[in-house]
Number of protein chains: 2
Amino acid sequence: MSIRTAIIDDNHFLIKSLQEKLSLFPDITISFTANDGLQCMDKLNQDPQVDLMLMDLEMPVKNGIEATAAVKQRCPDLKVIILTVFDDDENIFNAIQAGADGYLLKETGAHELHNAMVQTLNGGAIMTPSIALKALNLLRSPLAPTVAHMEESVQLSNREVEVLEQLSTGIPYTAIAEKLFISPFTVRKHIENIYKKLQVNSKVMAIEKAKRNGLI
Amino acid sequence: MSIRTAIIDDNHFLIKSLQEKLSLFPDITISFTANDGLQCMDKLNQDPQVDLMLMDLEMPVKNGIEATAAVKQRCPDLKVIILTVFDDDENIFNAIQAGADGYLLKETGAHELHNAMVQTLNGGAIMTPSIALKALNLLRSPLAPTVAHMEESVQLSNREVEVLEQLSTGIPYTAIAEKLFISPFTVRKHIENIYKKLQVNSKVMAIEKAKRNGLI
DNA sequence: GTTTCAATAGGGCATATGCCCTATTTTAGA
DNA sequence: TCTAAAATAGGGCATATGCCCTATTGAAAC
């Protein structure tokens with residue numbers, strides 16, 4: 001099965017170069033090329049025989065983000081891979097919001113590009129590693145503004161960590177004692193020591209602080 | 001420069017298999033292996049000569065998500081790649097939140113794995129295409145569906161959430177009562193109701209469950 | 001070889017917590 | 001408007017917890 005591909009880029013030279021790159025692969029046929037988002041939609045309306053689109057971001061008249069959104073609106077199953085030199089958070093985020101199925105930098109090699117196209121058509125998504133990292137960070141950021149403050153890296157003994165681990169499950173001292181095969185008195189002693197080290201004075205605070213500091 | 005690697009998996013056979021896979025590459029040395037998150041932290045505390053960690057998700061004692069969060073807290077520069085058979089949204093989301101730098105399925109081939117490790121150490125991120133797609137989808141709809149599983153979407157009243165928030169700071173009932181300008185008896189009544197709704201019977205469990213379900 | 005320290009075990013006591021009970025007022029929905 | 005739910009307030013009781021005390025053992029440090 002051939003991958004019917006469209007290339008959207010305002011730089012004629014780059015389109016030419018891409019066509020040459022892709023001509024190495026017999027399973028890829030170029031359906032059409034376009035120089036901006038509007039032209040892209042025109043051609044798409046005339047000839048819908050397209051499986052995948054390689055989309056530039058910076059284009060006149062209608063940029064890659066808008067074009068992607070429009071294409072996805074018309075043909076939700078048509079895969080769109082962004083192919084650009086821009087790797088800033090905002091472009092990445094907007095492209096993904098617009099429905100892009102992949103995001104590659106233009107430095108991507110021929111075989112890597114081909115592989116990305118195949119993977120995308122198989123229902124996956126491909127990103128340049130540096131883009132993937134930014135995508136992950138975007139996914140983290142809305143909910144995780146915390147970056148680690150770690151006052152002075154408190155050092156707990158192995159045994160104390162074990163006790164703390166059990167403590168964090170919410171079971172009472174007596175149950176912890178049974179699990180660790182020690183007396184409840186010893187458990188309480190360990191917990192006292194833990195509290196002193198962590199500078200807290202309750203279960204909840206100890207658990208919270210331990211989690212923040214990566215102790216458990 | 002050698003990539004000093006740690007492998008965390010509760011399946012001894014899989015660790016063995018991974019070690020063999022990686023032995024093909026002279027630039028990779030295995031620093032240590034561990035069978036669960038706790039063991040991992042123990043060994044990490046003893047021998048910090050690690051650049052990258054391959055982390056399973058399902059493990060006893062302390063799963064891969066918790067372990068990743070703990071490792072990242074302790075050593076933020078240590079790269080963690082999740083290597084698992086689970087590809088559900090919740091695991092992916094939680095792993096990323098925990099700070100994972102990559103997410104691969106166990107079916108990943110030797111050269112692909114090696115490439116992912118190198119890319120990750122070079123400051124990128126690598127995901128199996130199917131995982132990348134799900135990550136993109138999570139990024140598209142960050143708030144809509146279900147971040148956590150939410151057994152029956154427990155509904156707490158406004159007041160109960162207020163009480164729960166105070167409870168999570170670790171202060172005693174009496175202090176909560178003062179902060180909310182109500183009697184300690186009322187605080188205790190609210191907490192009883194909260195426990196019933198959340199199906200728990202202690203402070204620590206209530207706080208943990210509330211956090212998991214995004215109630216606080 | 002002695003000292004220091006972590007892990008163990010024990011006890012006492014005041015307060016906090018979890019769970020049972022009733023009851024009034026306020027709010028919101030049918 | 002009437003009613004159901006939520007918020008409020010109160011009490012009792014067994015257990016858990018936080019914090020004080022001492023003491024033995026084994027292992028590491030000096």
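In what follows, chains carry the letters A, B, and so on, assigned in the order in which the sequence lines appear, proteins first and then strands, with residues in each chain numbered from 1. All heavy atoms count here, side chains included; hydrogens, waters and symmetry mates do not.
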Q: Applying salt bridge (charged side-chain N to carboxylate O under 4.0 Å, His left out), run through A/Asp51 and A/Arg4 and close with a yes or a no.
A: CA-CA 5 Å; A/Asp51 301 308; A/Arg4 294 162 300 184; 2.9 Å; yes
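For DNA chain C, the contact window with chain A, defined by any atom under 4.0 Å from a protein heavy atom, covers C/dA7 to C/dG12 in 5' to 3' order.
Here the side chains of B/Tyr103 and B/Ile126 are not in contact, with every heavy-atom distance at 4.5 Å or above. Using a 4.5 Å heavy-atom cutoff, the side chains of B/Ile8 and B/Thr33 are not in contact.
Heavy-atom nearest nucleotides on DNA chain D were determined for B/Ser183 and for A/Tyr195, and the one closer to the 5' end corresponds to B/Ser183. The residue among A/Lys196 and A/Thr174 whose nearest nucleotide of DNA chain D is located toward the 5' end is A/Thr174.
Base engagement by A/Thr186 is indicated by at least one non-hydrogen atom pair under 4.0 Å involving a base atom. Within the nucleic acid shown, B/Tyr173 comes within 4.0 Å of sugar-phosphate atoms alone, with no base atom in reach, counting heavy atoms only. Using a 4.0 Å heavy-atom cutoff across all strands shown, B/Lys203 reaches sugar-phosphate atoms only and no base atom.
With A/Thr120 as the partner, the side chain to side chain contact (heavy atoms under 4.5 Å, CB included) test is satisfied by one option alone out of A/Val80, A/Asn115, A/Ile81: A/Ile81.
Rounded to an integer number of Å, the gap from B/Asn193 CG to D/dA4 C1' is 15 Å.
Ring geometry, B/His114 versus B/Phe25: the interplanar angle falls under 30°, so the pair is classed parallel (tilted spans 30 to 60°).
Note that CG of B/Leu54 is 12.0 Å distant from OG1 of B/Thr84, once rounded to the nearest 0.5 Å.
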